[in-house]
Amino acid sequence: MRNLWNERDFEAALAGQQIDGKTPRELLEVVYASRLLGRENSLVMHGGGNTSVKCELGDIIGNRVNVIFIKASGVDLAGVDSHDFTPVRIDPMQRLQHLYATGERRSIEDVRRFSTREFKNFLYLNLFDLTDHMVSQALSPSIETLLHAFLPHRFILHTHSMALLTLSNQPDGEELCNSALGGNFGSVPYAKPGLELANSAAAAYQHDPSIAGLVLHKHGLVTFGESAREAYDRMIDAVTALESRIAAAPEKTMESVRLPSELLSMEDAAPIIRGACVLERTPGSKDYDQFILDFRTSPEILTYVNCANLVELSRRGAMTPDFIVRSKHCPLVVPAPDAADSAGFKASVHKAVEAYATEYADYFAAGKAAVGTDVSMLDPVPRVVLVPGLGLFGLGRTARSAAVNADIAAASASAILDAESVGSFESITDGEAFAIEYWEMEQAKMQKVRHGEFAGKVVLVSGGAGGIGLATARAFRERGAEIVLLDLHQDALDGAAEELGGGVLAMTCDVTRRSDVRAAFEGACRRFGGVDIIVSNVGAALQGRIGEVSDEVLRKSFELNFFSHQSMAQEAVRVMKLQGSGGVLLFNVSKQAVNPGPDFGPYGLPKAATMFLVRQYALDHGRDGIRANGINADRIRSGLLTAEMIDARSKARGLSEKEYMAGNLLQLEVTAEDVAEAFVHLALEKRTTGAITTVDGGNIAAALR
């Protein structure tokens with residue numbers, strides 16, 4: 001592993017930060033080292049690992065206090081800053097260590113009680129300072145605080161090095177690690193993080209104070225030093241030695257499973273898997289909590305998922321306890337998707353998910369009985385799905401959490417293959433995994449996240465860069481949905497995506513071309529695993545007296561204002577039926593559908609057909625759990641109603657622009673945001689289909705009977 005420490009960059013980083021009485025130089029030093037570690041996914045991933053420094057601070061009344069600054073739980077090392085470290089008083093923790101070292105408190109029951117009931121409050125009560133940032137971000141001291149406090153070293157770095165895990169997750173892991181590291185590291189058998197692990201780590205150091213660090217078997221690697229650089233150099237040197245030992249092992253040839261002659265495409269397999277991995281909120285309601293999928297594949301991943309013994313190998317467990325809270329102890333394995341039998345694949349996936357849920361319930365019952373604590377079972381939905389022939393999927397309630405789980409799964413696949421070449425991969429037991437997964441201190445990491453009402457949903461909006469489309473995408477995004485934006489021009493899409501804040505899939509699409517529409521839905525399946533809600537929003541107000549208008553203009557209007565909606569809906573239904581978890585079709589119709597205007601026949605006729613299209617989809621696909629509803633809006637500033645048109649119409653009627661735009665019963669201008677909120681409302685109305693909602697401020701002539 002390359003050593004990234006650069007003295008010039010180090011001094012520049014320190015000089016670029018404010019150093020005052022509240023920000024000791026030592027803290028800035030550990031921030032620099034932490035960020036270097038965070039740049040290496042093979043060392044830490046997504047909030048994993050922790051770092052600390054001990055120093056002396058003055059309190060508000062002038063007392064000098066020994067504290068340990070430790071990275072807050074769940075904060076990513078790659079972007080950590082000084083305010084992400086929580087300052088905890090050392091003296092109370094050292095007195096706690098003394099109690100156990102002298103035998104005053106040492107029984108298993110004492111340790112268990114402290115770890116499950118007292119530990120969190122003990123850390124909070126001994127915070128030296130509580131900042132606004134800590135409160136707003138719900139930062140809490142790391143669960144490894146005691147380990148860092150029980151060791152005397154000034155700087156301590158702790159990673160979940162995949163190289164270390166590859167060697168330590170073996171039946172003879174201690175011997176392998178000692179051989180690779182040359183006896184310079186203490187050995188700590190697996191123990192649950194917290195007091196038990198801290199006591200074991202302290203004992204290992206006291207046995208040999210000359211060591212450069214500790215191997216926490218099946219967990220991670222710890223190095224320490226009197227400077228941040230010393231601790232960092234020791235980490236990189238140790239990991240390099242471990243990687244060299246792995247590289248020296250001959251690559252093991254893995255027997256592969258026999259695959260179908262033709263595989264179902266990833267774009268069709270993803271919605272099937274996504275539709276099987278749902279939680280019905282109330283039995284029989286057809287109302288589901290859903291998950292976003294993140295797909296990964298590579299030659300290495302395919303070698304892993306194509307293993308003939310994949311089921312047995314995957315059930316050996318997680319690479320490190322840090323992964324379990326996010327990705328669960330074991331992934332789900334489904335059969336290879338046969339293109340000749342997509343229905344059979346769908347049935348087998350649902351059967352596999354049901355079996356996984358049953359096994360998870362058994363795992364929970366056994367773990368709860370063994371521990372004797374009163375905890376409620378988490379959802380039994382897998383967070384990683386392995387698919388022979390294709391690759392793997394990470395699942396999450398958001399695209400980000402799905403990507404985290406996919407990262408974990410991809411890294412684990414590589415490490416497990418390495419572990420099998422070295423010897424035989426072996427994780428912690430189910431009982432030990434349960435103790436981590438259902439430990440309040442670990443669950444606190446995940447409970448910080450609050451999801452919106454559309455979390456886990458994928459919303460696709462056509463005309464997404466325009467006024468109504470962008471407002472609608474924003475309204476769904478603010479409520480937690482993942483967004484797919486379609487529009488004709490990439491530059492407009494880029495601006496819209498930037499305005500929405502990133503993480504948006506933006507694709508150019510001519511909705512009058514069926515191939516473009518199909519490609520858009522395939523893109524949504526590749527990125528998020530499927531589609532749940534579409535807002536078919538594109539339209540253009542072509543004009544002409546109906547007795548004189550050319551066939552060319554009328555056909556062009558029907559292509560855009562009717563057939564594009566049909567194409568969008570058909571492609572959506574295809575994906576939604578693969579998912580089997582229902583869906584929502586939303587259409588931007590128009591008041592023209594029921595209240596035509598002079599010379600607007602080319603626009604109103606296809607819009608009237610679109611209104612009946614809404615009802616036909618409601619009639620034909622309600623049995624599939626797919627709801628179809630529309631919006632009839634009027635006088636909305638958008639691509640249809642331009643500033644020039646508003647000016648011309650206002651003058652023609654002898655009205656001011658304000659009077660024209662508020663020409664309704666409520667005498668209020670209706671905005672794109674009002675239309676967006678109506679789309680959101682219809683998406684939430686789980687017992688409504690075939691409905692047309694007017695958003696026009698009140699226009700009796702356009703009211704539906």
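Side-chain contact between Leu216 and Leu221 is absent, with no heavy atoms from C-beta onward closer than 4.5 Å. Between Phe85 and Val31, the closest side-chain pair of non-hydrogen atoms falls below 4.5 Å. Using a 4.5 Å cut-off on side-chain heavy atoms (C-beta onward), Val239 and Leu164 make no contact. Between Arg315 and Glu359, some side-chain heavy-atom pair lies under the 4.5 Å cut-off. At least one side-chain heavy atom of His148 sits under 4.5 Å from a side-chain heavy atom of Asn50. When side chains are defined from C-beta on, Phe434 counts as touching Lys368, because their heavy atoms get closer than 4.5 Å. No side-chain heavy atom of Phe155 sits under 4.5 Å from any side-chain heavy atom of Glu230. Between Leu386 and Val334, the closest side-chain pair of non-hydrogen atoms is not below 4.5 Å.
Formation of a donor-acceptor pair under 3.5 Å by the Asp81 side chain with backbone atoms of His83 is not found in this model. Judged by distance alone, with hydrogens and angles left aside, the side-chain atoms of Ser424 form no donor-acceptor pair with the main-chain N or O of Glu420 at under 3.5 Å. Although no hydrogens or angles enter the test, the distance criterion places no donor-acceptor pair under 3.5 Å between the side chain of Ser179 and the main chain of Leu176. The backbone N or O of Glu354 lies less than 3.5 Å from a partner atom in the side chain of Thr358, making a donor-acceptor pair. The main-chain N or O of Ser427 is never found under 3.5 Å from a side-chain atom of Arg316 such that the two would form a donor-acceptor pair. A donor-acceptor contact shorter than 3.5 Å links the side chain of Gln170 to the backbone of Thr166. Side chain of Tyr32 to main chain of Arg229: no donor-acceptor pair is present (N/O by atom type, distance under 3.5 Å, no hydrogens or angles). Although no hydrogens or angles enter the test, the distance criterion places a donor-acceptor pair under 3.5 Å between the side chain of Arg234 and the main chain of Phe224. Here the side chain of Arg326 pairs a donor or acceptor atom with the backbone of His46 at under 3.5 angstrom. Under a 3.5 Å cut-off, the side chain of Thr240 and the backbone N or O of Met1 do form a donor-acceptor pair.
Closest non-hydrogen pair, Ala198 versus Phe150, comes out as CB-CD2, 3.6 Å. Of all non-hydrogen atoms in Leu395 and Phe393, the two that sit nearest each other are CD1-O, 3.8 Å. Val387 and Val305 make their closest contact through O-CG2, 3.6 Å (heavy atoms, listed as atom of the first residue, atom of the second, distance). Of all heavy-atom pairs between Ala180 and Leu242, the closest is CB-CD2, 4.0 Å. Taking every heavy atom of both residues into account, His207 and Pro209 meet most closely at C-CD, 4.0 Å. Contact between Leu77 and Gly48 at its shortest, heavy atoms only, is CD1-O, 3.9 Å.
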Given Tyr304 and Met254, is the side chain to side chain contact (heavy atoms under 4.5 Å, CB included) satisfied, shown in steps? CA-CA 8 Å; Tyr304 176 60; Met254 308 294 286; over 6 Å; no

Start with the C-alpha distance between Ser401 and Thr398, add both sets of side-chain angles, then the distance that settles side-chain hydrogen bond (donor to acceptor under 3.5 Å, both in side chains), and finish with yes or no. CA-CA 5 Å; Ser401 60; Thr398 65; 3.1 Å; yes

Check against side chain to side chain contact (heavy atoms under 4.5 Å, CB included), Leu332 and Val353: CA-CA 7 Å; Leu332 168 69; Val353 172; 3.7 Å; yes

Run the side-chain hydrogen bond (donor to acceptor under 3.5 Å, both in side chains) test on Ser34 and Thr51 for me, step by step, so that the C-alpha distance in whole Å, both residues' side-chain angles and the decisive distance to 0.1 Å come before the verdict. CA-CA 7 Å; Ser34 300; Thr51 55; 2.7 Å; yes

Dump the intermediate steps for side chain to side chain contact (heavy atoms under 4.5 Å, CB included) on Phe128 and Val88, then the final yes or no. CA-CA 5 Å; Phe128 172 77; Val88 186; over 6 Å; no

Please walk me through it: do Lys218 and Glu426 pass side chain to side chain contact (heavy atoms under 4.5 Å, CB included)? CA-CA 9 Å; Lys218 301 182 180 180; Glu426 176 185 86; 3.0 Å; yes

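Side chains of Asp322 and Thr320: no donor on one and acceptor on the other come within 3.5 Å. A donor-acceptor pair shorter than 3.5 Å can be found between the side chains of Glu144 and His219. Side-chain polar atoms of His133 and Asp84 form a donor-acceptor pair below 3.5 angstrom. Between the side chains of Asp407 and Asn41, no donor-acceptor pair is found at a separation under 3.5 Å. In this model, a donor atom of one side chain and an acceptor atom of the other lie less than 3.5 Å apart for Ser187 and Glu174.
Here Arg400 pairs with Asp76 in a salt bridge; the nearest charged N to carboxylate O distance falls below 4.0 Å. Using a cut-off of 4.0 Å between Lys/Arg side-chain N and Asp/Glu carboxylate O, Glu11 and Arg25 are scored as salt-bridged. Using a 4.0 Å cut-off between charged side-chain N and carboxylate O, Lys328 and Glu437 make a salt bridge.
Between the CG atom of Asp379 and the CZ atom of Arg397 there is a distance of 8.5 Å, given to the nearest 0.5 Å. In this structure, SG in Cys177 is found 12.0 Å from CG in Leu214, a value given to the nearest 0.5 Å. Distance CZ/Phe10 to CG/Leu4: 14.5 Å, rounded to 0.5 Å. Between atom CD of residue Glu196 and atom CG of residue Leu146 there is a gap of 12.5 Å, rounded to the nearest 0.5 Å. Here the CG-CD1 distance, from Leu151 to Ile68, works out to 9.0 Å after rounding to the nearest 0.5 Å. Annotation: the span from Thr159 atom OG1 to Leu43 atom CG amounts to 5.0 Å, rounded to 0.5 Å.
Ring pair Tyr356/Tyr360 is parallel by interplanar angle, where below 30° counts as parallel and above 60° as perpendicular.
Each of Glu26, Glu226, Glu29 was evaluated against Arg154; a single residue qualifies, Glu26, per the salt bridge (charged side-chain N to carboxylate O under 4.0 Å, His left out) test.
Less than 6.0 angstrom separates the ring centroid of Tyr205 from the ring centroid of His153.
Enclosure of atom CZ in Arg8 is not indicated, since only 12 or fewer non-hydrogen atoms of other residues, nucleotides or ligands lie within 6.0 angstrom.
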